[in-house]
Asks: 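Before I ask anything, here is the structure I am working with.
Given the structure is predicted, the values throughout are model-derived calculations rather than measurements. Every heavy atom of this structure was used, including side-chain atoms; hydrogens, water molecules and symmetry mates were not. Residue numbers begin at 1 in each chain, while the letters A, B, ... track the order of the sequences.
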2 protein chains.
Amino acid sequence: MKAGVANVILGALRQGPKSGYDIKQLVDNATRFFWAASYGQLYPELRRLVADGQIEGTSRPRGGRQRTEYRLTPTGRDALRTWLREPAAGWEVRDEGLLKLFFAGALEGDDALGVVRAFRADREGVLRQLRDVQRREAKEAEGFPGLALEYGIGLHEWIVGWCLEIEERLSRQLEVAAR
Amino acid sequence: MKAGVANVILGALRQGPKSGYDIKQLVDNATRFFWAASYGQLYPELRRLVADGQIEGTSRPRGGRQRTEYRLTPTGRDALRTWLREPAAGWEVRDEGLLKLFFAGALEGDDALGVVRAFRADREGVLRQLRDVQRREAKEAEGFPGLALEYGIGLHEWIVGWCLEIEERLSRQLEVAAR
DNA sequence: GAGACCATGTAATGTGTTACATGATTTT
DNA sequence: AAAATCATGTAACACATTACATGGTCTC
């Protein structure tokens, strides 16, 4: 899971030169759902990649506003392609909603049901966000970025559906128990 | 996303008293897929929870082997139930496989297809692990822990299915392009 | 002229993993 | 008798977020 930010930068720059700010926008818009990055990571890593010869920075002021635009060097392009061909290092999830679901047995029937409902509500929120992105970026998000977006939407649709099923199952059990 | 380990400990102890080692086993067996915890977090947090009156530790040697068994105090039980009723703080994913998928356009057709295939292979691996857990813990994993497991299995089945579809779609595109 | 946005950066803080250290017991 | 498992703990390190600091420009 090491050197993650570097790959985000390299990948972002492939679609054309960008400032640190631009990269942050891309991250917040798209990759944040599976790979977040803060300025505190981005800017130092940009310098490191320049020092390492993987990217080059040019001063490109916009109006009177200073701005450094970065682009890939051939070395950087190779590094990106090499990384893409390597097996993925890993996968980490930290999901408080699921943790609550796991322990929901500590609550009584209807409160436990509430945990599932809250979990679903959260995922419906994410689903809405993803659909907003899809609407906004209909043009830009073609090819693989669009595929990743489709993945996220489909995944969250599945999750919401699963929750609804479980909620029904639990409701029926509660009814039976109440008799 | 703060104080996460505390809730894992509280939840784990609800099903009966446990040593730090026991809790680590539970984490590695079950919650690790959505909430991991290392000894470096667990042991200090156990002390903190004792100091805070949420759990109590008793020396219960097993043979000549020292062992401290922890159990919930009423305070701890309340804290667990309160936490369960609160809205979930969040949700974080760091998925290198998806990041590669997102940038796979930097590779040529069949290499890009390889990224999807590698992604699927990884998820098939996780699916196998989850099914192993299900087989091993058929008895213990009833109720909500079992539900969380079902969720994980269903989710990964969906993912594998999605990958197969995409692989076909890309294959067809490659064939057309080759003509 | 106020507020949003573009733009860059760092320091403090928080969080979590890895490696190391130690030692008993049980299984093969 | 070796290897695996039970059991507890800490120190060093890696990684990431948050808050802060600064200042220009664009839009209402």
Asks: Using every non-hydrogen atom in the two residues, find where A:Val115 and B:Leu84 come nearest and quote the distance to one decimal.
Replies: CG2-O, 3.8 Å

Asks: Can you check the A:Glu96 CD to C:dT15 C1' distance for me, whole Å?
Replies: 15 Å

Asks: Between B:Thr58 and B:Arg71, is there a side-chain donor-acceptor contact under 3.5 Å, judged purely by atom types and distance?
Replies: yes

Asks: Counting C-beta onward and ignoring hydrogens, is there a side-chain heavy-atom pair between B:Arg136 and B:Val133 closer than 4.5 Å?
Replies: yes

Asks: Would you mind reading off the distance between B:Arg48 atom CZ and C:dT15 atom C1', rounded to a whole angstrom?
Replies: 14 Å

Asks: Would you say B:Arg47 places a side-chain N or O within less than 4.0 Å of OP1 or OP2 belonging to D:dT8?
Replies: no

Asks: End-to-end bend of the helix from C:dG1-D:dC28 to C:dT28-D:dA1 (five-pair axes, 10° rounding)?
Replies: 40°

Asks: For A:Trp91, does the six-membered ring have the charged nitrogen or CZ of B:Arg94 within the cation-pi criterion, i.e. under 6.0 angstrom from the centroid and within 45° of the normal?
Replies: no

Asks: B:Asp132 pairs by side-chain hydrogen bond (donor to acceptor under 3.5 Å, both in side chains) with which of B:Arg128, B:Arg135, B:Gln134?
Replies: B:Arg135

Asks: Could you tell me whether the side chains of B:Ser19 and B:Asp22 share a donor-acceptor contact shorter than 3.5 Å?
Replies: yes

Asks: Calculate the interatomic distance between B:Leu42 atom CG and C:dT15 atom C1'; express it in whole Å.
Replies: 14 Å

Asks: Please list, in numerical order, the residues of residues 14-25 of chain A that have a heavy atom closer than 4.0 Å to any atom of DNA chain C.
Replies: A:Ser19, A:Gly20, A:Tyr21, A:Asp22

Asks: Would you check if the side chain of B:Glu96 reaches a backbone N or O of A:Ala88 as a donor-acceptor pair within less than 3.5 Å?
Replies: no

Asks: Work out which heavy atom in A:Phe103 is nearest to a heavy atom in B:Asn7; give both atom names and the distance.
Replies: CE1-O, 3.9 Å

Asks: For the pair made of OH in B:Tyr43 and P in D:dC6, what is the distance, rounded to whole Å?
Replies: 12 Å

Asks: Are A:Lys100 and B:Glu86 side-chain neighbours, meaning at least one heavy-atom pair lies under 4.5 Å?
Replies: yes

Asks: Please give me every residue in residues 52-68 of chain A whose heavy atoms get under 4.0 Å of an atom in DNA chain D, ordered by residue number.
Replies: A:Gly64, A:Arg65

Asks: For B:Ala36 and for A:Pro44, locate the closest nucleotide of DNA chain C by heavy-atom distance; then report the residue assigned to the nucleotide nearer the 5' terminus.
Replies: A:Pro44

Asks: Give the rounded distance in Å between these two atoms: CD of A:Glu69 and P of C:dA7.
Replies: 9 Å

Asks: Measure the distance from OH on A:Tyr39 to P on C:dA7 and round it to the nearest whole Å.
Replies: 9 Å

Asks: Let's see if you can work this out: which of C:dT17, D:dG9, C:dG9 has an atom nearest to the side-chain heavy atoms of B:Gln41?
Replies: C:dT17

Asks: Ring of A:Tyr39, cation from A:Lys24 - is the NZ or CZ under 6.0 Å from the centre and inside 45° of the axis?
Replies: yes

Asks: CZ of A:Arg94 versus C1' of C:dT17: gap in Å, rounded?
Replies: 10 Å

Asks: Find the distance B:Asp28:CG to C:dT18:P and express it as a whole number of Å.
Replies: 11 Å

Asks: Is a donor from one side chain sitting under 3.5 angstrom from an acceptor on the other, for B:Trp158 and A:Glu157?
Replies: no

